[in-house]
J.: 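Pasting in a structure now, in structure tokens, and then I'll have a few things to ask.
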Amino acid sequence: MKKIICIALFLFSSMYLYAAEGKNPDEIRASIGKAFSNMPVGEIRESEISGLFEIETGNNIIYSDGKYLMMGHMFDFLGKDLTQEKINSLMAKKVSEIDKALAIKIGNGKKEVIEFTDPECPYCLKAEEFFKGADVTRLLLFMPLPFHKNAERLAIHILCSSTPAAEYQKVLKEVSAGNADNFKTNSCNAGKEHLKKMVETAQSIGVRGTPFFIIEGKAVSGAEPAIQQMIK
């Protein structure tokens with residue numbers, strides 16, 4: 001049975017409304033096609049709120065009640081971002097599009113973890129703790145965030161190294177110690193091109209922040225404690 005609003009609270013952040021017409025998936029799809037011909041529309045299905053449909057569009061989820069389009073995130077009373085969970089599932093389905101040869105391989109364990117990370121990201125450092133002693137194979141791809149001033153420089157330095165996995169661990173120790181600003185780095189054209197391809201990969205599947213993980217076909221945003229259970 002669907003949750004009802006009096007039991008769970010659903011909030012839409014950054015909500016925008018657009019007129020639409022249609023009260024079933026086919027009618028909604030047709031209405032979107034007329035109003036927004038360039039908008040890709042994937043699967044349309046009922047959401048957690050009765051009468052409200054969720055619509056896959058590219059790497060995003062939007063909503064419609066048959067009259068309006070609503071863009072924003074839906075939360076329950078426990079603060080769970082229901083929309084982001086659906087977006088993560090969409091992104092996990094695109095794992096086949098990832099060129100694993102681009103990744104830095106760490107470990108040789110039973111479970112494979114694809115990880116989009118930023119060498120200066122504090123949440124990425126926190127997530128590192130989850131993998132200590134874990135029987136996993138980690139495939140790291142960098143996506144330096146623009147507000148981390150040293151991230152791109154550090155990522156290129158790691159990719160220029162002949163032993164990138166070891167250099168990655170070294171860089172993380174320096175960042176953790178607060179030495180990112182003064183850490184001496186190397187740069188090379190091959191490293192820059194390698195990083196460019198990593199970032200393009202992240203963008204193609206819709207990664208917007210770090211860390212982001214795909215573990216056994218399931219996507220996780222952030223340094224979530226649930227990761228520890230997923231990699232056991």
J.: Check the hydrophobic clustering (I, L, V, M, F, W, Y; side-chain heavy atoms under 4.5 Å; chains of links allowed) and say if Met198 and Ile214 are grouped together.
T.: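 Yes: a chain of side-chain contacts under 4.5 Å links Met198 to Ile214.
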J.: Does the side chain of Leu141 reach to within under 4.5 Å of the side chain of Lys197, using non-hydrogen atoms?
T.: no
J.: Under a 3.5 Å distance rule, please check whether Asn24 uses its side chain to pair with a backbone N or O of Glu27 as donor and acceptor.
T.: yes
J.: Quick check for you: to the nearest 0.5 Å, what is the distance between Ile62 atom CD1 and Met39 atom CE?
T.: 4.5 Å
J.: Would a 4.5 Å heavy-atom cut-off, applied to side chains only, mark His148 and Cys121 as touching?
T.: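 Of all side-chain heavy-atom pairs linking Cys121 with His148, at least one is under 4.5 Å.
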J.: Looking at every heavy atom in both Leu78 and Asp76, which two are closest together, and how far apart are they?
T.: N-OD1, 2.9 Å
J.: Less than 4.5 Å apart, any side-chain heavy atom of Lys105 and any of Thr137?
T.: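 In contact.
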J.: When you measure from the side chain of His73 to the backbone N and O of Leu82, does any donor-acceptor pair fall under 3.5 Å?
T.: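 Side chain of His73 to backbone of Leu82: no pair is present.
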J.: Without swapping roles, check the side chain of Ser176 against the backbone of Leu172 for a donor-acceptor pair under 3.5 Å.
T.: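 No.
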J.: First locate atom OG of Ser47, then atom CG of Leu52, and finally report the distance between them rounded to the nearest 0.5 Å.
T.: 4.0 Å
J.: Tell me whether Ile156 is reachable from Ile104 by hopping between hydrophobic residues (I, L, V, M, F, W, Y) whose side-chain heavy atoms are closer than 4.5 Å.
T.: yes
J.: So, taking the atom named CD1 in Ile87 and the one named OG in Ser221, what distance separates them when rounded to the nearest 0.5 Å?
T.: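 Spacing of CD1 (Ile87) from OG (Ser221) equals 8.5 Å.
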J.: Do Thr83 and Tyr63 get their side chains close enough for a donor-acceptor pair, meaning under 3.5 Å?
T.: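 Yes, because at least one side-chain N or O of Thr83 sits under 3.5 Å from a partner of the opposite role on Tyr63.
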J.: Would you please test Gln203 and Arg208 for side chain to side chain contact (heavy atoms under 4.5 Å, CB included) and show each step?
T.: CA-CA 7 Å; Gln203 293 173 340; Arg208 297 177 182 175; over 6 Å; no
J.: How long is the span from the OG atom in Ser50 to the CG atom in Asp65, to the nearest 0.5 Å?
T.: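 Between atom OG of Ser50 and atom CG of Asp65 there are 11.5 Å.
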J.: Nearest heavy-atom pair of Ala180 and Val175: which atoms, and what distance?
T.: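 Answer, listing the atom of Ala180 first, then Val175: CB-CG2, 4.1 Å.
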J.: Do you reckon Ile106 sits in the same ILVMFWY cluster as Ile227, going by side-chain contacts under 4.5 Å, direct or chained?
T.: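 Unlinked, Ile106 and Ile227 end up in two clusters.
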J.: Quick one, Ser187 and Lys192 - any side-chain contact, counting heavy atoms below 4.5 Å?
T.: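 Answer yes - side chains close enough.
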J.: How many angstroms lie between CD in Glu85 and NZ in Lys80, if you round to the nearest 0.5 Å?
T.: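 So the CD of Glu85 and the NZ of Lys80 are separated by 5.0 Å.
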J.: Is any side-chain heavy atom of Lys232 closer than 4.5 Å to a side-chain heavy atom of Asp135?
T.: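 Counting from C-beta outward, Lys232 and Asp135 never come under 4.5 Å.
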J.: Given Asp118 and Tyr123, is the side chain to side chain contact (heavy atoms under 4.5 Å, CB included) satisfied, shown in steps?
T.: CA-CA 9 Å; Asp118 171 328; Tyr123 295 103; over 6 Å; no
J.: Given side chain to side chain contact (heavy atoms under 4.5 Å, CB included), test Glu128 with Glu115 step by step and report yes or no.
T.: CA-CA 11 Å; Glu128 282 291 315; Glu115 178 179 346; 4.1 Å; yes
J.: Are Phe130 and Leu140 linked, directly or through other ILVMFWY residues, by side chains that come within less than 4.5 angstrom of each other?
T.: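 As far as the 4.5 Å side-chain criterion goes, Leu140 and Phe130 are not connected within one cluster.
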J.: Can you confirm whether more than 12 heavy atoms, excluding those of Asn189, are under 6.0 Å from its CG atom?
T.: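 Open: at most 12 neighbouring heavy atoms sit under 6.0 Å from CG of Asn189.
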J.: Considering only heavy atoms from C-beta outward, does the side chain of Phe212 approach that of Val220 to under 4.5 Å?
T.: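 Counting from C-beta outward, Phe212 and Val220 never come under 4.5 Å.
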J.: Would you call Lys126-Glu129 a salt bridge at under 4.0 Å N-O?
T.: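 Looking at Glu129 together with Lys126, the answer is no, because their closest N to O distance does not fall below 4.0 Å.
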J.: Heavy atoms only: give me the nearest Ala151-Pro144 pair and the separation to one decimal.
T.: CB-CB, 3.7 Å
J.: So, Thr117 side chain and Pro211 main chain: donor-acceptor pair closer than 3.5 Å or not?
T.: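 A pair under 3.5 Å: no.
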J.: Going from CD1 on Ile231 to CD on Glu112, what distance comes out if it is rounded to the nearest 0.5 angstrom?
T.: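 Taking CD1 in Ile231 and CD in Glu112, the distance rounds to 13.5 Å.
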J.: Apply side chain to side chain contact (heavy atoms under 4.5 Å, CB included) to residues Glu56 and Ile61 and explain how you reach the verdict.
T.: CA-CA 5 Å; Glu56 295 180 4; Ile61 296 287; 3.8 Å; yes
J.: Please determine whether residues Leu145 and Leu159 belong to a single hydrophobic cluster, defined as Ile, Leu, Val, Met, Phe, Trp and Tyr linked transitively by side-chain heavy-atom distances below 4.5 Å.
T.: yes
J.: Would you sort out whether Phe183 and His157 count as a ring-ring contact (aromatic ring centres under 6.0 Å, His included), showing the intermediate values?
T.: CA-CA 10 Å; Phe183 184 77; His157 168 80; 5.3 Å; yes
J.: Is it the case that more than 12 heavy atoms not belonging to Glu54 sit under 6.0 Å from its CD atom?
T.: yes
J.: Within the distance-only criterion (no hydrogens, no angle test), does the side chain of Thr185 pair as donor or acceptor with the backbone N or O of Leu154 below 3.5 angstrom?
T.: no
J.: Taking the side chain as every heavy atom from C-beta outward, state whether Ile114 and Ile98 have any pair of such atoms under 4.5 Å apart.
T.: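 They are in contact (side-chain heavy atoms under 4.5 Å apart), so the answer is yes.
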J.: Locate the shortest heavy-atom distance separating Ala202 from Met143; write the atom from each residue and the value.
T.: CB-SD, 3.5 Å
J.: Any side-chain heavy atom of Ile55 sitting closer than 4.5 Å to one from Ser64?
T.: yes
J.: Identify whether NZ of Lys or CZ of Arg in Arg138 sits under 6.0 Å from the centre of the six-membered ring of Phe131 and within 45° of that ring's axis.
T.: yes
J.: Please lay out, stage by stage, how Glu48 and Lys86 fare under the test salt bridge (charged side-chain N to carboxylate O under 4.0 Å, His left out).
T.: CA-CA 12 Å; Glu48 286 79 359; Lys86 303 294 177 62; 3.1 Å; yes
J.: Carefully, step by step, assess Lys218 and Glu216 under the rule salt bridge (charged side-chain N to carboxylate O under 4.0 Å, His left out).
T.: CA-CA 6 Å; Lys218 295 183 179 180; Glu216 301 285 287; over 6 Å; no
J.: May I ask you to check whether over 12 heavy atoms, not counting those of Lys111, lie within 6.0 Å of atom NZ?
T.: yes
J.: Please check this pair: side chain of Asn150 against backbone of Arg153, looking for a donor-acceptor N/O pair closer than 3.5 Å.
T.: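 A pair under 3.5 Å: no.
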